[in-house]
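Just so we're on the same page: letters track the sequence lines, and every chain starts at 1.
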Amino acid sequence: MLRIYNTLTNKKEEFVPIEPGKVKMYVCGMTVYDLCHIGHARVLVVFDMVTRFLRSSGYDVTYIRNITDIDDKIIQRANENAEDFTKLTGRFIEAMHEDAAALNILPPDDEPKATAYMDDIIKMVSDLIDKGFAYAGDNGDVYYAIDQFKTYGKLSGKKLEDLRAGERVAVDTNKKDPLDFVLWKAAKPDEPSWDSPWGKGRPGWHIECSAMSTCCLGNHFDIHGGGQDLQFPHHENEIAQSEAATGEKFVNVWMHNGFVRIDDEKMSKSLGNFFTIREVLKQYRAEEVRYFILASHYRSPLNYADSLLDSAQSALARLYTSLRGMDIKSGDLDDESVSRFNDAMNEDFNTAEALAVLFDLANKINKSRNDEPEDAIKYASTLKNLAGILGLLEDNPDEFLKSAAGGDISDDSKEIDSLVNERIQAKQDKNWQRADEIRDQLHAMGVELEDNGQQTSWRRV
RNA sequence: GGCGGAAUAGCAAAGUGGCUAUGCAGUGGAUUGCAAAUCCAUCUACCUCGGUUCGACUCCGGGUUCCGCCUCCA
């Protein structure tokens, strides 16, 4: 039985799909005006893990992750570059897909772009006006009238009077209430715009997600995810828009992942303290980044530090080393490990606990590989199978251990192999001095040797 | 100020009313020509003050500290 922490109720709840056996999930994706950073990587990895686990549990999952390809920052950045905004967004969408592929993120079932849903967005804004939840200002903007939606604040636990007391909402004389938010923005000269009943303009950010999620998944769906910072106001506003427009409940379960931090401070573009995914991938293998993210619970804060990525590297090397040389067969699995793994994952996706099961399996493989090879193969199959649910250990072990971070830098594998062979000969000749010389030389190249009887294998460290 | 989250060994990170989490690092041993890998053993824990209890890191209450949201943000 799967239990998920629901931000809407602030507790773990048994997951009951709307339609038996099916899960419809929408996750807020990127605003594509720049490269993805490690914080984005966390959203990608976390909801990829959720999707994989749900599928492995037998659910038919429809996973939608949108792309925001029109907003203030995109327009601003395109102006700075003196290029068409679609050229800018196209470039960063491509970059995002490359980063996601590197991190072994399965493509979502659909990846709607806001600009492709203009008709639906305009329709939803019109509906909201018709139903009295929205109004057009004199300046051509359309606003959502927050006091018309009685349960506003239920997701974020905010009260309207507290929000008003905050005094952080900019005063806009076109709004009836300072807390009202924009659904449709009138275009300024030279801005990209779309025709609408209120004149040329473009959608506000929140309405895009309401329209796209409803179009792709229907009025009422199972899971809506995103980063913690989207809880308010973005997701709060989505609820207000969608439930007012359709008259139905919007989403059953709201999932929010915690932030990546640098020195205990949120990593964000506005703070400028971020590392892009591709920067990090110059130094570390993508799977190490994935492991690093999955090693802590998805709702916890996650500090980014080189030492933690180094630790992830060693941990993955241990797992891959246990699989090296094992003839993996599908079929017979270790039931106890499988149920421990599933129990952990069913308890709000406890990936840290699930990883502990993988390490126990590695230990069992190592213990049994010489004396009980059949058992070892069973444990290895189990390890490979369970790790696959987390999107880990899918490489060939030997290739992973020999691969270098940063991708296809100068390939010196042939040189390494020939040195290793020379050393094997030296060892046979009991020429220990030459053998150690070669080992030191390889060590300086970042290569660690492992003698195993007559065999010698190597890996990069 | 309002709301929410968190404090676990050197680092990171799960979890539980009494029973070894796990990984990285350290120490001792086995193994090895010496290493590495591996195995075995082992050192470091549960912010603080009270309360409940036969027994609390785990439950309850009060502190302290940190973080997030309240404005664009994954």
Under 4.0 Å, heavy atoms only, any strand: does [X] hit a base, just the sugar-phosphate, or nothing?
X: A:G153; answer: nothing
X: A:K430; answer: nothing
X: A:R423; answer: base

Taking only side-chain nitrogens and oxygens of [X], does any of them come within less than 4.0 Å of OP1 or OP2 of [N]?
X: A:N350; N: B:G15; answer: yes
X: A:K266; N: B:C69; answer: yes
X: A:R318; N: B:U38; answer: yes
X: A:K159; N: B:C70; answer: no
X: A:S300; N: B:A14; answer: yes
X: A:N363; N: B:C39; answer: yes
X: A:N366; N: B:C39; answer: yes

Can we say A:R285 and A:E399 salt-bridge, meaning some charged N sits less than 4.0 Å from an Asp/Glu carboxylate O?
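No.
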
Salt bridge or not for A:K364 and A:D360, using N-O below 4.0 Å?
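The answer is no: the pair does not qualify as a salt bridge.
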
Close approaches to RNA chain B from residues 374-385 of chain A, in residue order (heavy atom, under 4.0 Å)
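Under 4.0 Å from RNA chain B: no residue of residues 374-385 of chain A.
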
Neighbours of RNA chain B within residues 337-345 of chain A, by heavy-atom distance under 4.0 Å
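Contacts with RNA chain B under 4.0 Å: none.
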
Span that lies between the [atom1] atom of [M] and that of [N], in whole angstrom:
N: B:G23; M: B:U8; atom1: C1'; value: 15 Å
N: B:A56; M: B:U65; atom1: P; value: 28 Å
N: B:C34; M: B:U16; atom1: C1'; value: 45 Å

A:A362 or A:D310, whichever maps to the more 5' nucleotide of RNA chain B
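It is A:D310 whose nearest nucleotide is closer to the 5' end.
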
More 5' along RNA chain B: A:S270 or A:F359, using each one's nearest nucleotide?
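On the 5' side of the pair lies A:F359.
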
May I ask you to check whether A:T31 and A:D71 show a side-chain donor-acceptor distance below 3.5 Å?
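The answer is no; no qualifying pair exists.
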
In whole Å, what is the span from the CD atom of A:E372 to the P atom of B:C39?
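Atom CD in A:E372 sits about 16 Å away from atom P in B:C39.
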
Could you state the atom-to-atom distance from NZ of A:K367 to P of B:C40 in whole Å?
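It works out to 4 Å between those atoms.
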
Hey, does the side-chain of [X] have a donor or acceptor N/O within less than 3.5 Å of a partner on the base of [N]?
X: A:D436; N: B:G33; answer: yes
X: A:R439; N: B:A35; answer: yes
X: A:K158; N: B:C69; answer: yes

Would you mind reporting whether [Y] and [X] have side-chain heavy atoms less than 4.5 Å apart?
X: A:N66; Y: A:Y117; result: no
X: A:N363; Y: A:K367; result: yes
X: A:V61; Y: A:R52; result: no
X: A:R91; Y: A:E94; result: no
X: A:Y379; Y: A:S368; result: yes

Quick one: is the NZ or CZ of A:K158 closer than 6.0 Å to the six-membered ring centre of A:F232, and within 45° of its axis?
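The answer is yes; both the distance and angle limits are met.
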
Cation-pi check for A:Y33 against A:K269: NZ or CZ below 6.0 Å from the six-membered ring centre and within 45 degrees of the axis, yes or no?
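Yes, a cation-pi geometry.
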
